[in-house]
**Student:** 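Here's a structure for you.
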Amino acid sequence: VKEITSDKLLLNSRVVKDKGIKNVVELISQSNLELNIIGKQYTYLKWWSEMKKNFSESVSYLGVVPRSELFNLVADSKFLVFLPNVPEGVTLTILEAMSVGTPVITWDDYSYPEIVNPEYNILLPHVDNFIEIFKQEYLPKLESYTSYDKRCELSRSTLESHSIDRFRD
């Protein structure tokens with residue numbers, strides 16, 4: 001059983017609009033959850049500077065984290081949140097989370113449903129009212145998670161099922 005050592009969700013991304021940071025911060029602000037944001041920021045981005053000024057106490061920007069600390073931070077998070085504004089392929093961020101057994105919250109479109117199983121992750125509909133859907137359908141369950149029991153094992157096994165080894169004779 002993977003015990004949750006942090007109640008915080010994690011957003012691991014470069015700080016650019018395409019990565020959907022605003023989506024994630026809005027989602028967190030509508031809940032009792034907490035969020036750590038890690039990744040490179042670009043100080044010339046006016047929208048980011050304005051957004052950081054308005055962070056609630058539940059959102060923390062940790063900046064760039066050394067790779068030696070990254071996997072522990074990902075593994076200790078309750079969920080990885082990845083809600084980009086533009087389609088992306090299979091992202092390293094999601095794969096890294098799954099490799100250490102951390103479940104993922106992401107969209108139910110693009111390539112994500114191919115690797116993110118909704119049985120033990122959260123696939124949100126990519127619609128304008130996704131925050132309302134999250135609050136009604138997922139938030140009560142998410143706030144009560146204290147351990148992942150099979151989730152950790154299943155998340156990792158899903159990742160392994162997509163590895164090159166499955167194609168070998």
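As the structure is a prediction and not an experimental result, all values here were calculated from the model.
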**Student:** Which residue pairs pass the side chain to side chain donor-acceptor pair (under 3.5 Å) test with at least one member in residues 79-92, sequence neighbours excluded?
**Tutor:** Lys19-Glu88, Asn23-Asn85
**Student:** I'd like to check the side-chain contact (heavy atoms from CB on, under 4.5 Å) partners of Ser29; sequence neighbours left out, ordered by chain and number.
**Tutor:** none
**Student:** Which residues satisfy the side chain to side chain donor-acceptor pair (under 3.5 Å) test with Glu50, sequence neighbours excluded?
**Tutor:** Lys53
**Student:** What distance separates Thr106 OG1 from Ile122 CD1, expressed to the nearest 0.5 Å?
**Tutor:** 11.0 Å
**Student:** When rounded to the nearest 0.5 angstrom, what distance separates CG in Leu9 from OG in Ser58?
**Tutor:** 9.5 Å
**Student:** Start with the C-alpha gap between Leu62 and Leu73, add the side-chain angles, then the distance that decides, and say whether side chain to side chain contact (heavy atoms under 4.5 Å, CB included) holds.
**Tutor:** CA-CA 11 Å; Leu62 306 179; Leu73 188 58; 4.1 Å; yes
**Student:** Which atom names give the shortest non-hydrogen contact between Leu123 and Tyr138, and what distance separates them?
**Tutor:** O-OH, 3.6 Å
**Student:** Compute the centroid of each ring, for Trp48 and then for Phe55, and state whether the two points are separated by less than 6.0 Å.
**Tutor:** yes
**Student:** For Asp109, check side chain to side chain donor-acceptor pair (under 3.5 Å) against everything at least two apart and list the hits.
**Tutor:** His126
**Student:** Would you mind reporting whether Lys17 and Lys22 have side-chain heavy atoms less than 4.5 Å apart?
**Tutor:** no
**Student:** Using side-chain contact (heavy atoms from CB on, under 4.5 Å) as the criterion, list what pairs up with Ser68, not counting sequence neighbours.
**Tutor:** Pro66
**Student:** Output, in order, the C-alpha distance, side-chain angles, deciding distance and verdict of side chain to side chain contact (heavy atoms under 4.5 Å, CB included) for Val24 and Ile105.
**Tutor:** CA-CA 10 Å; Val24 177; Ile105 299 171; over 6 Å; no
**Student:** CG/Leu11 to CG/Leu83 distance, rounded to the nearest 0.5 angstrom?
**Tutor:** 8.5 Å
**Student:** Let me confirm one number: the CG-CG distance from Asp76 to Leu10, rounded to the nearest 0.5 Å.
**Tutor:** 10.0 Å
**Student:** Can you list everything that forms a side-chain contact (heavy atoms from CB on, under 4.5 Å) with Pro125? Sequence neighbours excluded, please.
**Tutor:** Asp108, Val127, Ile133
**Student:** Could you name each residue pair satisfying salt bridge (Lys or Arg N to Asp or Glu O under 4.0 Å) that touches residues 124-139, not counting sequence neighbours?
**Tutor:** Glu132-Lys135
**Student:** Can you name the residues that form a side chain to side chain donor-acceptor pair (under 3.5 Å) with Lys52, not counting sequence neighbours?
**Tutor:** Gln41
**Student:** What is the minimum heavy-atom distance between Trp107 and Pro84, and which atoms define it?
**Tutor:** NE1-O, 2.8 Å
**Student:** Under the salt bridge (Lys or Arg N to Asp or Glu O under 4.0 Å) rule, what pairs show up with a residue in residues 27-39, not counting sequence neighbours?
**Tutor:** Lys8-Glu34
**Student:** Tell me, please, which residues at least two apart from Lys40 pass side chain to side chain donor-acceptor pair (under 3.5 Å).
**Tutor:** none
**Student:** Which residues pass the ring pair (Phe, Tyr, Trp, His ring centres under 6.0 Å) test with Phe82, not counting sequence neighbours?
**Tutor:** Tyr112
**Student:** Got a second to check how far Leu95's CG is from Ile115's CD1, nearest 0.5 Å?
**Tutor:** 5.0 Å
**Student:** Carefully, step by step, assess Leu33 and Phe79 under the rule side chain to side chain contact (heavy atoms under 4.5 Å, CB included).
**Tutor:** CA-CA 11 Å; Leu33 301 169; Phe79 272 80; over 6 Å; no
**Student:** Which pair of non-hydrogen atoms, one from Phe130 and one from Leu27, has the smallest distance, and what is that distance?
**Tutor:** CE1-CD1, 3.9 Å
**Student:** So if you build clusters from Ile, Leu, Val, Met, Phe, Trp, Tyr with side-chain heavy-atom gaps below 4.5 Å, do Leu35 and Trp47 land together?
**Tutor:** yes
**Student:** Once you round to the nearest 0.5 Å, how far does CD1 of Ile38 lie from OG of Ser77?
**Tutor:** 7.5 Å
**Student:** Locate the shortest heavy-atom distance separating Val15 from Gly39; write the atom from each residue and the value.
**Tutor:** CG2-O, 4.3 Å
**Student:** Tell me if a side-chain donor or acceptor on Thr102 pairs with a main-chain N or O of Val74 at a distance below 3.5 Å.
**Tutor:** yes
**Student:** Which residue pairs pass the salt bridge (Lys or Arg N to Asp or Glu O under 4.0 Å) test with at least one member in residues 60-70, sequence neighbours excluded?
**Tutor:** Arg67-Glu96
**Student:** Could you go through the side chain to side chain contact (heavy atoms under 4.5 Å, CB included) check for Tyr61 and Asn36 one step at a time?
**Tutor:** CA-CA 6 Å; Tyr61 175 66; Asn36 281 330; over 6 Å; no
